[in-house]
Structures are given as C-alpha cells and as structure tokens.
**Student:** 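Got a structure here, written out as structure tokens. Questions coming.
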Amino acid sequence: MDSLPVDTSNPAVRDYLALIRLQVLTPLSLLINIVTVFVCATIVKPTIGDITKLYPTSITFHPGLVAVYVMVIYVAQVGYCVLLVFATKAETKKALVKAVGFSLVLANWTMAFWAIAWVMRLFIFSTVLLGILVVLLAYSNVVLLVYHTPTTERPLDMMLIHAPLRFFFVLPLSLMFPYSLFITLGLTYPPSHPEYYDRYAWPGFAVVFSANLLGLAVIAFGRDITWAVAATWICVSEWSARPKPMPVYATTILFTVLHPLTLLVTMMYHFLSQRERRGPIALPADDDDHHRPLRRPQEVDSDAWA
C-alpha cells in the first residue's frame, strides 16, 4: 500500500492518530520508568538511596518519604493512562493530545535515564536530565492551565490529568534538580563528619525559600490543592532528615504550616466572595401582599400607619 486509506491532512484524523499513539507509548514509557527506578532503588549497588546518603547536603531529604511520593506519582499516572484509553469527551481528548501529548512520554523516559545516571554517579548528566524534566513538565502544566483550565464540570480531568502532572512537576522543580545541582557544584559535606552539616547553609536556604515562595504564590492565586499537598510533603521530607542547618530547618517548618494555611484561607475567601456576589436570597412574598387592594400612587396604606 502506498498510502493510508484515510485523509491524514484532516486535523481530526491527525488528532485521532496522535491519541492512538499516546495510548500505546504513554503506558510503555510509564512501565519503563517504574522498572528502571525500581531496579536502581533496590537491586543495583549502590542504590538511589545509598547515593543520597553518600552525598549529604544542606537540603538533603528523607529517602523514604520521597519514595512514597514517587509511588503516588506512578499510581496517578496509571489513572491517567486509564483515562487516555476510555476518554469520551472532546475537551478531555484535546487536553490529552494537545496539552500533555508526548511531553509526559519524554518525561518518563527522562526520569528512567536519570535513575541510571544517578546510580552511576554521573551528576552533571543527572542535573542536565533533571533540568530537561523540569522543562517538559513545566510546558505541559502551563498549557493545561492556559488552554484547558481545570473545572468542576470535568472532575476526572482535574483528578487524572491536572493533578498527576502538577504532582510530578513539583518534585524535580523543588527538590531533585536543586539537590543534584548541589552535588554537581560540590556543595556537600563528608558523611563521616556530620558536624559539618551547616556548611553551605545559606545556599540551601536560598533554594528552599525561593522554591516554597513560588509554591505559596501558586497556592494563593490558584487555590491549588495539588501543589499545596506536594509542597508540604517535600517540606516534611526535608526537615525530617537531620541534622539540618537552622536557616533551612526553620524555613521548611514555616512553609509546612504556611502551605495548608494559605490554601484554607484563600478557599474561604473565595467562598465568601462568591456568596456576597450572589447577594441575599429573595424570599417569596407573604400571602397578605397578594390580597391587598391596588392603590393609586397618592393613596396611603392605612395598615402602614398602624
């Protein structure tokens, strides 16, 4: 056959073919991501966790909490793949193809290559890969927010498209990329000398404060539940790894409180402002009003004087 028996110049046909490709490539990339990270975290020596212990920094995190975070990302992506196959609404399909598309496929492959580079201690390559991962996920999240705004009219889109992409994005942006960059730049201390833990405390403070300040702005202006949960989780994983320099420790504790508190305040403010905008509820007229006789404008109601 010289050509397909369909008109591939038709935009609808191209979108349909792109959706079919994504239904195959996205689960495959997720499987490769899961298997690679699992092998590098449990079988290969040193493991991903061992490398973290060998290169402590002022922003070192608790490996167990981050491992659970990554598992939540994988579970959320499984739900995304299910929606990718069974989506019926045109707007949902458009978000899957146009907004997320192949960037999530590339992100899963990038994370798999990062795990290999990490256990091989290729920290420069690791940092580059994490930078690429941040760019890929940032693109998908920005396009989703601008052209496919989350709405309660499509709750599955919010839970299975927006939330997984946002949750995935916060991890390399706030933790993985800065931590790998610190190791690449030599901002570490010997694990055999934990008394040097306060080395490079202020670079750690700058990274933690700026990342959390960005997250706080997103939570405040967008009432973003997913970002609030992810940022709080990362803060807990950082201050639970001790010892920690006081500027970093105090900052992570502060934002652990501020993220959920800001979300609660902004949601309450939004609810009250919407309530005031709708105005008071109009009550039905009393029965007595229907039985009152009609009067000329000059007449005075005798009942009013009473």
Side-chain angles (χ1 to χ4, degrees), residues 36-73 111 113-131 133-134 167 170-216 229-260:
T36 306
V37 172
F38 177 78
V39 170
C40 293
T42 58
I43 298 176
V44 176
K45 298 297 180 181
T47 64
I48 295 176
D50 294 337
I51 298 296
T52 304
K53 295 177 182 177
L54 289 174
Y55 296 91
T57 69
S58 58
I59 58 173
T60 295
F61 51 87
H62 193 287
L65 291 174
V66 175
V68 177
Y69 187 108
V70 174
M71 290 176 63
V72 173
I73 292 176
M111 189 167 180
F113 284 121
W114 163 82
I116 297 173
W118 186 257
V119 296
M120 295 180 66
R121 308 188 194 190
L122 303 175
F123 296 120
I124 296 178
F125 188 44
S126 166
T127 306
V128 172
L129 288 173
L130 289 173
L133 183 62
V134 169
F167 207 70
V170 175
L171 180 62
L173 176 68
S174 302
L175 189 63
M176 292 173 61
F177 176 75
Y179 180 67
S180 181
L181 183 62
F182 269 44
I183 297 178
T184 303
L185 297 177
L187 304 181
T188 62
Y189 62 89
S192 57
H193 295 280
E195 64 271 14
Y196 297 150
Y197 72 93
D198 57 348
R199 282 184 175 181
Y200 314 111
W202 292 110
F205 165 79
V207 168
V208 171
F209 183 79
S210 58
N212 282 282
L213 189 63
L214 172 63
L216 195 68
V229 173
T232 305
W233 197 324
I234 289 175
C235 284
V236 173
S237 71
E238 287 179 326
W239 60 253
S240 60
R242 305 294 298 273
K244 189 75 66 182
M246 182 52 65
V248 178
Y249 182 75
T251 304
T252 52
I253 290 288
L254 176 64
F255 280 102
T256 301
V257 177
L258 283 180
H259 288 316

**Student:** Is the NZ or CZ atom of Arg242 both under 6.0 Å from the centre of the six-membered ring of Tyr249 and within 45° of that ring's axis?
**Tutor:** yes

**Student:** Measuring from atom SG of Cys40 to atom NZ of Lys45, what distance do you get when rounded to the nearest 0.5 angstrom?
**Tutor:**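 Result: 12.0 Å between the selected atoms.
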
**Student:** Check for a donor-acceptor pair, side chain of Lys244 on one end and backbone N or O of Thr60 on the other, with a separation under 3.5 Å.
**Tutor:** yes

**Student:** If you take all heavy atoms of Thr36 and Ala115, which pair is closest and at what distance?
**Tutor:**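 The pair with the smallest heavy-atom distance is CG2-CB, 4.3 Å.
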
**Student:** Within the structure provided, determine whether Arg121 and Tyr55 are in side-chain contact (heavy-atom separation under 4.5 Å).
**Tutor:** yes

**Student:** Specify the closest pair of heavy atoms between Pro260 and Thr232, including all atoms of both residues, with the distance to one decimal.
**Tutor:** CD-OG1, 3.6 Å

**Student:** Roughly how far, to the nearest 0.5 Å, is the OG1 atom of Thr184 from the CG atom of Leu122?
**Tutor:**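 The distance works out to 10.5 Å.
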
**Student:** Please check: side-chain N/O of His62 versus main-chain N/O of Gly64, any donor-acceptor pairing under 3.5 Å?
**Tutor:**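 Yes.
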
**Student:** Are the side chain of Trp233 and the backbone N or O of Val66 linked by a donor-acceptor pair below 3.5 Å?
**Tutor:** no

**Student:** Does Ile124 CD1 have over 12 foreign heavy atoms under 6.0 Å away?
**Tutor:**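 It does not: Ile124 CD1 has 12 such atoms or fewer within range.
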
**Student:** With rounding to the nearest 0.5 angstrom, report the OG1 to CG distance, Thr188 to Leu54.
**Tutor:**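 It is 10.5 Å, given to the nearest 0.5 Å.
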
**Student:** Go through the side-chain N and O atoms of Ser126 and Ser180 and say whether any donor and acceptor fall under 3.5 Å apart.
**Tutor:** yes

**Student:** Could you pull out the closest heavy-atom pair between Leu65 and Ser240, with the gap in Å?
**Tutor:** CD1-OG, 3.5 Å

**Student:** Testing the basics here: between Thr57 and Ile183, what is the closest heavy-atom pair and its distance to 0.1 Å?
**Tutor:** CG2-CG1, 4.3 Å

**Student:** Only one of Leu214, Ile234, Leu130, Leu133 forms a side-chain contact (heavy atoms from CB on, under 4.5 Å) with Leu173, so which one is it?
**Tutor:**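 Exactly one option meets the side-chain contact (heavy atoms from CB on, under 4.5 Å) with Leu173, and it is Leu214.
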
**Student:** Please test Trp202 against Ser58 for side chain to side chain contact (heavy atoms under 4.5 Å, CB included), starting from the C-alpha separation and ending with a verdict.
**Tutor:** CA-CA 9 Å; Trp202 292 110; Ser58 58; over 6 Å; no

**Student:** Are the side chain of Thr47 and the backbone N or O of Val44 linked by a donor-acceptor pair below 3.5 Å?
**Tutor:**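 No; zero donor-acceptor contacts below 3.5 Å.
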
**Student:** Shortest non-hydrogen contact from Thr251 to Pro247?
**Tutor:**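 Smallest interatomic distance, heavy atoms only, reads OG1-O, 2.5 Å.
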
**Student:** What are the two closest heavy atoms between Pro190 and Tyr196, and how far apart are they?
**Tutor:**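 Looking at all heavy atoms of both residues, the shortest contact is CD-CD1, 4.1 Å.
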
**Student:** Taking only residues two or more places apart in sequence or in another chain, which ones pass ring-ring contact (aromatic ring centres under 6.0 Å, His included) with Phe255?
**Tutor:** Phe209, His259

**Student:** Using the side chain to side chain contact (heavy atoms under 4.5 Å, CB included) rule, take Glu238 and Leu175 through it: C-alpha gap first, then chi angles, then the decisive distance, then the call.
**Tutor:** CA-CA 9 Å; Glu238 287 179 326; Leu175 189 63; 3.3 Å; yes

**Student:** With ring centroids as reference points, do Tyr69 and Phe167 lie under 6.0 angstrom apart?
**Tutor:** yes

**Student:** Between Phe123 and Trp118, is a ring-ring contact (aromatic ring centres under 6.0 Å, His included) present by the stated rule, with each step listed?
**Tutor:** CA-CA 6 Å; Phe123 296 120; Trp118 186 257; 5.4 Å; yes

**Student:** Taking the side chain as every heavy atom from C-beta outward, state whether Tyr189 and Asp198 have any atom pair closer than 4.5 Å.
**Tutor:** no

**Student:** Kindly say whether Leu171 contributes a backbone atom to a donor-acceptor pair with the side chain of Ser174 at under 3.5 angstrom?
**Tutor:** no

**Student:** First locate atom CE of Met111, then atom CD1 of Ile116, and finally report the distance between them rounded to the nearest 0.5 Å.
**Tutor:**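 Between atom CE of Met111 and atom CD1 of Ile116 there are 12.5 Å.
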
**Student:** Can you check whether Pro178 reaches Ile59 side chain to side chain, under 4.5 Å on heavy atoms?
**Tutor:**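 Heavy-atom side-chain distance check passes, below 4.5 Å.
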
**Student:** Can you name the residues that form a ring-ring contact (aromatic ring centres under 6.0 Å, His included) with Phe61, not counting sequence neighbours?
**Tutor:** Tyr179

**Student:** Using 0.5 Å steps for rounding, measure from the CG atom of Leu129 to the CH2 atom of Trp114.
**Tutor:**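 Between atom CG of Leu129 and atom CH2 of Trp114 there are 10.0 Å.
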
